[in-house]
Number of protein chains: 2
Amino acid sequence: MSSRTVSNVVNGYAKVTDRTRERVQRAVEELGYRPNVLARNLAQGKSGQIALVVPYLDTPYFSELLQSVLRAARAAGYTVLIDQTDGDPEHERAFIAHGSRRLLFDGVIFSPLGLDQMALADRDPSLPLVILGERSSDGTFDHVGIDDVAASRQATDHLLGLGRRRVAAIGDQPYATGEAAQLRTRGFREAHEARGQAVHEDLVIGTPRFNRPDGAHAMARLLDLEEPPDAVFCYSDLVALGAIHTIVSRGLRVPEDIAVIGYDDIEEGAFSNPTVSTVSPDKEWIAATAVERLLLRITSPTPPPGLELRAPHRLIIRESSAR
Amino acid sequence: MSSRTVSNVVNGYAKVTDRTRERVQRAVEELGYRPNVLARNLAQGKSGQIALVVPYLDTPYFSELLQSVLRAARAAGYTVLIDQTDGDPEHERAFIAHGSRRLLFDGVIFSPLGLDQMALADRDPSLPLVILGERSSDGTFDHVGIDDVAASRQATDHLLGLGRRRVAAIGDQPYATGEAAQLRTRGFREAHEARGQAVHEDLVIGTPRFNRPDGAHAMARLLDLEEPPDAVFCYSDLVALGAIHTIVSRGLRVPEDIAVIGYDDIEEGAFSNPTVSTVSPDKEWIAATAVERLLLRITSPTPPPGLELRAPHRLIIRESSAR
DNA sequence: CTACGATTTTGCAGCGCTGCAAAGACAGCA
DNA sequence: TGCTGTCTTTGCAGCGCTGCAAAATCGTAG
């Protein structure tokens, strides 16, 4: 009973007689043998791990996503290693750049924040990569995300359809790394155009990030205007929650005085007061697809073409923008 | 220039002449050499990874914790591998039981939910382990957590101090795996005793988990009572947010009609409407201490004694229980 | 110029597994 | 019984690194 035979049995590989299989299994049982993952990794040159790299882990959107990624990876026998970049371009680059720590993981699902399209191109081409969010694929990796422009157009149109005429947008980021924000702003504008309405440029507010304090501050600025908005399209649910916090603390009502819609559909928005209307991306679909494509990329002998994968999304109308 | 010498330089080890060091570094640079982590792992029998195992990753408390753990681990040159157990006892056991996948990680920071003290004892004793939450140490692992009884006593006392006389508790779990809940219930009772008040037994409500829907349902049951409570101590902030959601949707006011206090101090509670009073455990301290103890346990030749480490906590009073 | 101790470099073995190809076992048929 | 073809088992090499001990080098003293 050679070690090689044991290996065959343990891995379910190859042709093994039922008799041998049983004998080995009994021995394994008795001796409490456990295969050494490290040795297997070395011999195969693979780690059986994938990395999920996101800017912030305490952002509900990402932690909800992480959960789904974890599930999908586990189903395929992979473990998940995580890292948070804080949006730091250097840190982000290190992860995808030439080799770096490589080998710890067989592939990466990456949600870039600080890296623009240029920096993304300069990467280790042998590292299987799936990008989430708003960088478009250059053909060497897959990109999974919803159609931001369309979703933003729908959200904005919903507010305009309510009869609101001074619709604000919170979250614009008019610089190279703010692609996601810019797509949403584009959708915001398209919705106005489609209805023949002019965008109130003073109501388009930028924020450094997409979290609660950002939303709260931006909203305060909007309320300080001579003519405050009567509706707000927020580029994330957290921004929306921050904005609502400010509105309410100023004694105004949502949605009566100001209607609000967010983006991401985090659970929190379904229980807040008021509940928050939102653009709901299908996170389960995104996670499952990202993992599936990544594993394909890892196991495929020839690199598959880089795909642009559009996840489904829908508008969820709750109290914050009810009629 | 042997491979062994390169190894010495790369690891900063041993006595190496400046001249050799330089020569090696130049070569490394030119050839773009990267050490193979997998091989090093095998040779050393370590993986340089620690695992963080929690019941739910989309719970803000855990994702905020994860973030701090990640930071601490990274500072020590370790990568973090995560797993979510969904509170499944089998899954939890597999992680700490004899060997299991072992070797993928050098140690585990574990927040058990489905495992009682008994099951916890039956584990691979060679696996460095730090427990978070409410299992007490049996001397072979460290335990990090706040003093739940004291914290709960303080929270309840705060409500009683507001002059409220019908104080409810949401989150009790009177079964083996509900230790955390039971400690909080004990604190709840102690606070009543200290003030010579009787606990209204019908106002102590159990919940299967500690999330928003649980809080919302439990609150609905409380409001359906003949004599509803005028204050509620919730065993998590999510429960509190769910409860507030129900209260408000029934047309009642927080804190005027019902005061609410939660537990965990998640960011959400600072921006909700109303903002939520809470028991704030020092998460940064917990994460840093857990990682520190775990690494000590991993690197120490003789296993250090299992410590009970009490993290600091404080009461944060916000709108939901303002006077 | 040789000898010796101290320091740096090198070589070898081995971590435990898998890929590959050779060896062995077995069954069928002449 | 002997031979062939097929299927199963085995042995060896090697993944790339580190621990250990031997070999080489260097500096200094006799």
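Chain naming here is simple, since letters A, B, ... match the order of the sequence lines and numbering starts at 1 in each.
Using a cut-off of 4.0 Å between Lys/Arg side-chain N and Asp/Glu carboxylate O, A:D142 and A:R293 are scored as salt-bridged. The residues A:R93 and A:E90 are annotated as salt-bridged, a charged nitrogen and a carboxylate oxygen being separated by less than 4.0 angstrom. Of the charged side-chain nitrogens involved, none lies within less than 4.0 Å of a carboxylate oxygen, so that B:D264 and B:K283 do not count as a salt-bridged pair.
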With side chain to side chain contact (heavy atoms under 4.5 Å, CB included) as the test, would you mind laying out the steps for B:H313 and B:D282 before giving the verdict?
CA-CA 6 Å; B:H313 73 266; B:D282 190 334; over 6 Å; no
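At a cut-off of 3.5 Å, with distance as the only test, a side-chain donor of B:Q49 or A:Q49 sits close to an acceptor on the other residue. Side-chain N/O atoms of A:N8 and A:R4 include a donor and acceptor closer than 3.5 Å. At a cut-off of 3.5 Å, with distance as the only test, no side-chain donor of B:N41 or B:S47 sits close to an acceptor on the other residue.
Rounded to 10°, the helix from C:dC1-D:dG30 to C:dA30-D:dT1 has 70° between the axis fitted to its first five pairs and the one fitted to its last five.
Across all strands shown, B:T5 has heavy atoms under 4.0 Å from base atoms, whether or not it also approaches the sugar-phosphate.
Rounded to whole Å, the distance from CZ on A:R23 to P on D:dT8 is 15 Å.
The side chain of A:S2 lies closest to D:dT10, out of D:dT8, D:dT10, C:dT9.
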Treat primed atoms plus P, OP1 and OP2 as sugar-phosphate and everything else as base, then score nucleotides 14-21 of chain D 5' to 3': B for base contact with protein heavy atoms under 4.0 Å, S for sugar-phosphate contact only, - for none.
-BBBSBB-
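Cation-pi geometry between B:R209 and B:Y56 is met: under 6.0 angstrom from the ring centre, within 45 degrees of the axis.
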